[in-house]
Amino acid sequence: MMHIDKNDPALFLGKVMIIDDDRVDQAMCQRTLIRARLAEEVISFMDAEKALAYLRTPPGGAIDVILLDVNLPRMNGLEFLETATNDANLIFAPAVLVMISTPLPLVQKNKFSGMSCVQAFLDKPLKVEELMRLRPVLQAAHCD
């Protein structure tokens, strides 16, 4: 497995938040990030409401990448995004937001594509190679 030098910002994802209600998918994603040394810290939530509460509580907002499942109970991925982007108490802008899901139908993907905070779509299960595709996206977001 490829290992990343966390001192090279072009190769490192930093602090990553995973929001996924599937424990197996969440664990696999976390294991992939840690084994490849792509993340400094991984914070996981089973539902969007708890993730929002964390983001509202300092220093909670200091997230580099959010891996957000599209299909969540109670508050789905789209509702999370609408709440997060409209909440003045959230420092949401610097995070690179990536939607994760089983392959999405085009109609559903278009709903998320229209949101400026969504930077990429990745399919489950996540692979190191797919996470590596985030490097230029992350670099661009933090240089703006």
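What you see below is based on every heavy atom in this structure, not just the backbone, and it leaves out hydrogens, waters and symmetry mates. Bear in mind that the values here come from a model prediction, so they are computed numbers and not experimental data.
Of the possible donor and acceptor atoms, none in the side chain of D87 sits under 3.5 Å from a partner among the backbone N and O of T83.
Looking at heavy atoms from C-beta onward, D22 lies out of side-chain contact with Q26 at the 4.5 angstrom threshold. Put simply, the side chain of L55 reaches to within 4.5 Å of the side chain of M17, judged on heavy atoms. You'll find the side chain of Y54 reaches within 4.5 Å of the side chain of I63, heavy atoms only. Looking only at side-chain heavy atoms (C-beta outward), I66 and V16 stay at 4.5 Å or farther from each other. A heavy-atom distance below 4.5 Å is not found between the side chains of I18 and D69. Two residues are said to be in side-chain contact when any heavy atoms from C-beta on lie closer than 4.5 Å; D47 and M75 fail this criterion. Proximity of R23 to M46: side-chain heavy atoms (C-beta onward) are separated by under 4.5 Å at one or more points. At a threshold of 4.5 Å between non-hydrogen side-chain atoms, the residues L67 and C29 count as touching.
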Inset, instruction - Check the pair V128, L33 against side-chain contact (heavy atoms from CB on, under 4.5 Å), reporting the backbone distance first and the verdict last. - result: CA-CA 7 Å; V128 172; L33 288 162; over 6 Å; no
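The one candidate from K50, R56, E49 that meets the side-chain contact (heavy atoms from CB on, under 4.5 Å) condition with L52 is R56.
Ion pair D64/K15 not flagged as a salt bridge, since none of the NZ, NE, NH1 or NH2 atoms sits closer than 4.0 Å to an Asp/Glu carboxylate oxygen.
Other residues, nucleotides and ligands contribute more than 12 heavy atoms inside 6.0 Å of the NZ atom of K127.
No continuous path of ILVMFWY side-chain contacts below 4.5 Å connects M28 to V42, so the two sit in separate hydrophobic clusters.
A48 and F80 get closest at one heavy-atom pair: CB-CD1, 3.7 Å. The nearest pair of heavy atoms linking L68 to G77 is CD2-O, 3.7 Å. What you find for N76 and V70 is that their closest heavy atoms are CB-O, 3.7 Å. Annotation for S44 and Q30: closest pair OG-OE1, 3.4 Å, computed over non-hydrogen atoms.
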